[in-house]
*Asks:* 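The structure is given below, and queries will be raised subsequently.
Residue numbers count from 1 along this sequence. Order of appearance sets the numbers: ligands from 1, and atoms from 1 within every ligand.
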Amino acid sequence: MKIGMICYPSIGGSGLVATELGKSLAECGHQVHFISYTVPFKLAPFANNIYFHSVDPINYPLFNQNLYTFSLTAKIVDVVADYELDVVHAHYSIPHSLCAHLAREISTRDFKIITTLHGTDVTIVGQNKPLYSLNKYGIEKSDLVTTVSNFQKDHTIKYFGISNEIEVIYNFVDSDVFKPGNGSPTSCLAVPGEKIIMHVSNFRPPKNPLGVIEIFARVREKLSAKLVLVGDGPGLGEIKNKCREYDICDHVCFVGKVDNVETIIPMADCVIQPSFREAFGMVLLESMACQVPTVSSDVDGILEVVRHNETGFVAGPKQYDELASHVVEICSDSNLAKRLGTAGRDRAIAEFGKDKIVSRYLDCYERALNNGY
Ligand code: GMT
């Protein structure tokens, strides 16, 4: 099969899932064409069956925007024609799905469109009034629509009044890559005896960045711990202010963007994620695969990934006392940490294994191709 993969290339769940899916499909012998404005952060420079097509900005003084939507559409038309693509898989509906539809209108070659909804495309961006009808159109006109949790499916159907089928395909993790640490020294992050509490994020408002500090400040009252913040984003400024307010700056380590989080997550004693919104929660799954217990909020699709008191603990995103006391519990009881960590890895392998999920996407492509539209 010849597949076009459209995604955001920057660090984040949707781009990660698209890239890992494309890489796996290429390993199975399919030809995969990534179309994006820069090389996706997890895409190796070269691998068999993988092509990268750059969407270049259109800059002309008359336009005060760079017209990404049109340059992406034009690139899809070109790649479909040049490489005879069968399927275009749009990750994130705005604007990727719409660009694929417009490309199909323009193109002289027939191809199928699969759209995967990742979360904020529907819950936040999609609720922007001017985008509502565009988002609905992109979803309804796709040959097949998938999303990453039952929560996201129900929310999309309800909010957009969608009548076409939406398939739930959970995100996946490669448990050969995300695996328990080998006990290597963690002195760069914490001194001996200190526990490592980790948060991996884009520090946008839905991630509840201040909540992370609220939790950690309470944990610090009970035990010696370091907070390791992985990633970059707009909430970091207010996080730093909050650290000063609580006088905990010396106990917080900002490591910035890390492309290969599989190297750092295994160093954590506990990963925290008090998100306000989370269609799935990739970091929670990655932590589970690394055998690291998680403490998270209980919103949206999170409860389809983690299991309370089995792989970690959950509470409301603002129940800071409760979330913090769960972190303290995990860090003070090695048997509990081991039980949760082991169950997390077992669940990650059984329910979210790479091969099982990739074959579900392949099955979607085949069905779309066989059904006509
Ligand atoms: O969480 C974000 O802000 C990034 C966003 C993305 O597009 O990468 O994440 C969404 O997609 C991920 C992959 O499917 C999910 O794991 C995240 O839960 C989802 N984020 C939200 O729903 C807030």
*Asks:* Who's the nearest protein heavy-atom neighbour of atom 19 (C) of ligand 1, and how far?
*Replies:* H118 O, 3.3 Å

*Asks:* Kindly determine whether I50 and K23 satisfy side-chain contact (heavy atoms from CB on, under 4.5 Å), including the steps that lead there.
*Replies:* CA-CA 7 Å; I50 290 190; K23 280 158 64 176; 3.7 Å; yes

*Asks:* Output the list of atoms in ligand 1 that are nearer than 4.0 Å to some heavy atom of R204, sorted by atom number.
*Replies:*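 Checking each atom against R204, I get 3 (O).
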
*Asks:* Run the numbers for me: atoms of ligand 1, each under 4.0 Å from some heavy atom of Y92, listed by number.
*Replies:* 7 (O)

*Asks:* Please lay out, stage by stage, how T123 and Y159 fare under the test side-chain hydrogen bond (donor to acceptor under 3.5 Å, both in side chains).
*Replies:* CA-CA 9 Å; T123 52; Y159 188 73; over 6 Å; no

*Asks:* Considering non-hydrogen atoms only, spot the tightest contact between S275 and S297 and give its length.
*Replies:* O-OG, 2.7 Å

*Asks:* How does Y8 reach ligand 1, if at all, at less than 4.0 Å between non-hydrogen atoms: by side chain, backbone, both, or neither?
*Replies:* neither

*Asks:* Hey, which atoms in ligand 1 end up nearer than 4.0 Å to a heavy atom of S14?
*Replies:* 6 (C), 7 (O), 8 (O), 13 (C)

*Asks:* So if I count the atoms of ligand 1 from 1 in the order they appear, which ones are less than 4.0 Å from some heavy atom of A279?
*Replies:*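 With A279 as reference, the close atoms of ligand 1 come out as 18 (O), 21 (C), 22 (O).
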
*Asks:* Classify the ring geometry of H53 against Y51: parallel below 30°, tilted from 30° to 60°, perpendicular beyond 60°.
*Replies:*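 H53 and Y51: parallel rings.
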
*Asks:* Would you call the rings of H91 and Y361 parallel, tilted or perpendicular, taking 30° and 60° as the class edges?
*Replies:* tilted

*Asks:* Distance to 0.1 Å, residue and atom name: give those for the protein heavy atom nearest to atom 1 (O) of ligand 1.
*Replies:*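 Protein heavy atom with the smallest distance to atom 1 (O) of ligand 1: K207 NZ, 2.9 Å.
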
*Asks:* Do K240's NZ or CZ and the ring of F254 fall within the cation-pi criteria of under 6.0 Å and 45°?
*Replies:* yes

*Asks:* Suppose I only count heavy atoms of G12 and a 4.0 Å limit; which atoms of ligand 1 are within that range?
*Replies:*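 The list of qualifying atoms is 8 (O).
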
*Asks:* May I ask whether Q152 places a heavy atom under 4.0 Å from ligand 1?
*Replies:* no

*Asks:* Can you name the atoms of ligand 1, numbered from 1 with element, that are less than 4.0 Å from a heavy atom of G119?
*Replies:* 22 (O)

*Asks:* What atoms of ligand 1 come within less than 4.0 Å of a heavy atom belonging to T120?
*Replies:*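 What qualifies from ligand 1 is 21 (C), 22 (O), 23 (C).
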
*Asks:* For R277, counting its heavy atoms only, list the atoms of ligand 1 lying under 4.0 Å from any of them.
*Replies:*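 Counting atoms of ligand 1 from 1, those under 4.0 Å from R277 are 23 (C).
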
*Asks:* When the ring planes of Y68 and Y37 are compared, do they come out parallel, tilted or perpendicular, using 30° and 60° as the limits?
*Replies:*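 Perpendicular, since the angle between the ring planes exceeds 60°.
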
*Asks:* Do the ring planes of Y170 and F280 sit parallel (below 30°), tilted (30 to 60°) or perpendicular (above 60°)?
*Replies:* tilted

*Asks:* Under the criterion salt bridge (Lys or Arg N to Asp or Glu O under 4.0 Å), I'd like the reasoning laid out for K179 against E262: C-alpha separation, chi angles, the key distance, then a yes or no.
*Replies:* CA-CA 8 Å; K179 51 184 195 253; E262 65 273 14; over 6 Å; no

*Asks:* Side-chain polar contacts of residues 221-231 - donor-acceptor pairs under 3.5 angstrom, sequence neighbours left out - could you list them?
*Replies:*
unit_1, atom_1, unit_2, atom_2, d
K226, NZ, L189, O, 3.2

*Asks:* If we set the cut-off at 4.0 Å for heavy atoms, which region of N202 has an atom near ligand 1: side chain, backbone, both, or neither?
*Replies:*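 Under 4.0 Å from ligand 1, N202 contributes side-chain atoms alone.
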
*Asks:* Protein heavy atoms: any of them under 4.0 Å from atom 9 (O) of ligand 1?
*Replies:* no

*Asks:* Specify side chain, backbone, both or neither for N171, according to which of its non-hydrogen atoms lie closer than 4.0 Å to ligand 1.
*Replies:* side chain

*Asks:* The test is side-chain hydrogen bond (donor to acceptor under 3.5 Å, both in side chains); show your working for Q152 and H155 and say whether it passes.
*Replies:* CA-CA 5 Å; Q152 195 60 33; H155 181 87; 5.6 Å; no

*Asks:* Measure from atom 18 (O) of ligand 1 to every heavy atom in E286, M282, H155, E278 and give the option owning the shortest one.
*Replies:*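 Residue with the shortest heavy-atom distance to the ligand atom: E278.
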
*Asks:* Distance to 0.1 Å, residue and atom name: give those for the protein heavy atom nearest to atom 16 (O) of ligand 1.
*Replies:*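 Its nearest protein heavy-atom neighbour is G281 N, 3.1 Å.
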
